[in-house]
Amino acid sequence: MAEIIAKNINVQFPVFDSHNRSLRHALVLNRLAKKISPDKESNVGGSISLNSHDQVVISALDDLSFTMKDGDRVGIIGHNGAGKTTLLRVLCEIYIPQSGNLTVDGAQTPMFALNDGIDPEATGFEAIRSRGIMLGLSPAVIKASINDIVEFTELGDYLDMPVRTYSTGMMVRLVFAVATAIKPEILLMDEIIGAGDASFIEKAEVRLKTFVDSANIMVVATHSMDIVRTWCNKAMLLHKGKIAEYGDVEKVISAYHSVMAG
Amino acid sequence: MRQFLQSAWEDLAKSLTDWRVWHLLAWQEICQRYRRSTLGPFWLTASVGVQLIAIGVFGRLVFRFDLENYLAFLAVGLVFWSFWTSAITEGSNCFINAASMIVQIKRPFTSYLIQVLWKNIIILAHTSLVFVVVFTLYDVAPTKHLLWLPVTLTLLIINTVWPMLLLALLSVRYRDVPVMVQNMTSILFWTTPIFFRKEQLGRHSYLLDFNPLTHLLEAMRKPLLGIPLSELNWAVLIGMAIIGSGVTFLIFARYRTRVPYWL
């Protein structure tokens with residue numbers, strides 16, 4: 001049983017320059033921020049403004065409300081800087097929204113970056129172990145699922161080589177295999193998944209189907225409409241930190257194309 | 001505020017139950033640094049040993065220290081110093097250095113802190129070999145005061161951890177702080193009785209009691225050399241542990257969730 005409910009969540013990033021990041025400046029003056037003019041509009045990124053403390057802030061997510069339930073496989077799409085990665089990090093409870101309410105019922109398994117916590121000199125097997133520990137798996141559980149992981153990665157003898165010799169795609173295979181070794185309750189994936197080749201994408205799809213069909217939630221941020229069409233049963237279009245469209249995959253994709261066309 | 005305190009408490013509890021994560025990463029960091037070197041982390045033991053000989057000879061020639069007692073005294077000072085400075089400087093950078101991981105993986109914030117502490121405790125265990133060598137060479141026999149060591153070391157560690165956390169929070173927001181810490185520690189080397197004895201300051205020796213680091217150092221040195229801790233030592237160590245941890249925990253609870261935004 002997994003569920004995510006967001007009500008009017010806002011995420012704003014303070015932008016510190018070297019001046020107001022320093023203690024001296026915070027103690028003395030903080031006027032530089034006023035130079036930003038509010039009417040220069042850009043087509044990418046969230047809106048830039050001043051907050052009540054006269055600080056430059058970027059509004060990365062602006063008043064988002066949505067629900068995700070068991071069985072939802074959501075593809076998040078949108079232009080560069082639309083807030084896809086930020087939203088994933090909010091769902092993972094890395095960024096706690098400044099305002100609004102977010103309830104996440106279920107444990108999150110993030111798959112955002114490939115090399116965090118992995119020593120480049122470690123072998124594939126060691127990397128599987130450390131990645132597993134980082135995701136909170138016990139050594140016994142890792143040991144029990146090692147065959148399944150090895151088989152999925154198709155890396156064979158490479159698992160005895162240091163991971164610094166791996167290509168990005170090979171690393172994606174390894175990280176994905178560990179992240180999905182134990183049926184995750186809420187699987188969160190960033191665009192890196194696109195680095196896998198066609199055969200990996202196909203295999204991953206089969207693997208995801210085995211557990212996302214019945215229960216659990218999967219959220220993937222991507223620029224690939226193929227991944228959205230094959231993996232997801234819902235899509236969300238973000239535009240400048242707001243939800244432009246959420247729901248039926250085809251409807252959202254066509255909205256995406258019209259946004260991209262300008 | 002209650003909500004803040006509770007989540008901060010859960011943060012700490014979770015990092016203690018997920019001890020495997022910080023143990024793995026601390027260990028990995030040590031292995032990474034000394035990969036392919038023959039001595040490995042014992043390089044640090046060797047480096048403390050060399051410092052000991054250098055300052056020992058210097059002290060004998062210049063200050064006419066009696067070498068026998070002085071080397072044991074100095075050994076504790078240097079081992080303590082190498083532990084404390086690297087715990088504090090690395091600790092104050094613990095969020096900044098882990099910036100990429102903090103935004104990729106959900107991990108309690110205190111886990112990053114404990115990782116740095118644990119790494120330095122492992123290294124301390126290596127550098128402590130210097131004691132074994134010096135104490136054997138100069139026949140410094142353990143006394144009943146050595147039994148206090150677990151208690152005094154716990155106080156030492158508590159009084160190292162809260163400044164680490166406090167500085168880590170400040171550093172991530174104000175980037176002058178890590179540089180300031182570095183400058184401060186180099187001054188502290190000269191104002192803490194590491195290589196000189198308190199008594200050498202004569203009637204000014206009370207000044208050293210105003211330096212909290214003196215008490216931290218004595219928490220380690222006195223039990224090892226068979227001297228009981230003074231009442232002032234206990235008062236400062238226990239008082240700082242309670243007040244320091246309390247205040248730091250409140251600040252941590254309040255600003256914990258802002259850390260990823262400040263990176």
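In what follows, chains are A, B, ... by sequence order, proteins preceding strands, each numbered from 1. Computed from a predicted structure; not experimentally measured.
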Atom [atom1] of residue position [X] - does it have more than 12 heavy atoms of other residues, nucleotides or ligands inside 6.0 Å?
| X | atom1 | answer |
| --- | --- | --- |
| B/Tyr255 | OH | no |
| B/Ile238 | CD1 | yes |
| A/Tyr158 | OH | no |

What option among A/Glu93, A/Gln108, A/Gln98 has the most heavy-atom pairs under 4.5 Å with chain B?
A/Gln98

Residue, of A/Pro120, A/Gly136, A/Pro110, A/Ala113, that accumulates the most heavy atom pairs under 4.5 Å with chain B:
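The option with the most such pairs is A/Ala113.
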
Is there a side-chain contact (heavy atoms from CB on, under 4.5 Å) between B/Leu25 and A/Met134? Walk through the geometry before answering.
CA-CA 9 Å; B/Leu25 292 171; A/Met134 302 285 295; 3.9 Å; yes

Toward chain B, the part of A/Glu126 with a non-hydrogen atom under 4.5 Å:
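It is neither, since no heavy atom gets under 4.5 Å.
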
Roughly how far, to the nearest 0.5 Å, is the OG1 atom of B/Thr257 from the CD1 atom of A/Ile94?
13.5 Å

Could you walk me through whether A/Ile96 and B/Arg256 pass side-chain contact (heavy atoms from CB on, under 4.5 Å), step by step?
CA-CA 10 Å; A/Ile96 307 295; B/Arg256 192 178 61 97; 6.0 Å; no

Are side-chain heavy atoms of A/Arg89 and B/Pro260 found at a separation under 4.5 Å?
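Of all side-chain heavy-atom pairs linking B/Pro260 with A/Arg89, none is under 4.5 Å.
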
Answer yes or no: is there a side-chain heavy-atom contact under 4.5 Å between B/Arg20 and A/Ser138?
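They are in contact (side-chain heavy atoms under 4.5 Å apart), so the answer is yes.
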
Check whether the side chains of B/Gln28 and A/Asp119 place a donor and an acceptor atom closer than 3.5 Å, and report yes or no.
no

At under 4.5 Å between heavy atoms, what parts of residues 100-110 of chain B are in contact with chain A? List them by residue number.
B/Ser100, B/Met101, B/Ile102, B/Val103, B/Gln104, B/Ile105, B/Lys106

Could you tell me which residues satisfy ring pair (Phe, Tyr, Trp, His ring centres under 6.0 Å) with A/Phe13, sequence neighbours excluded, listed by chain and number?
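Applying ring pair (Phe, Tyr, Trp, His ring centres under 6.0 Å) to A/Phe13 gives A/Tyr95, B/Tyr261.
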
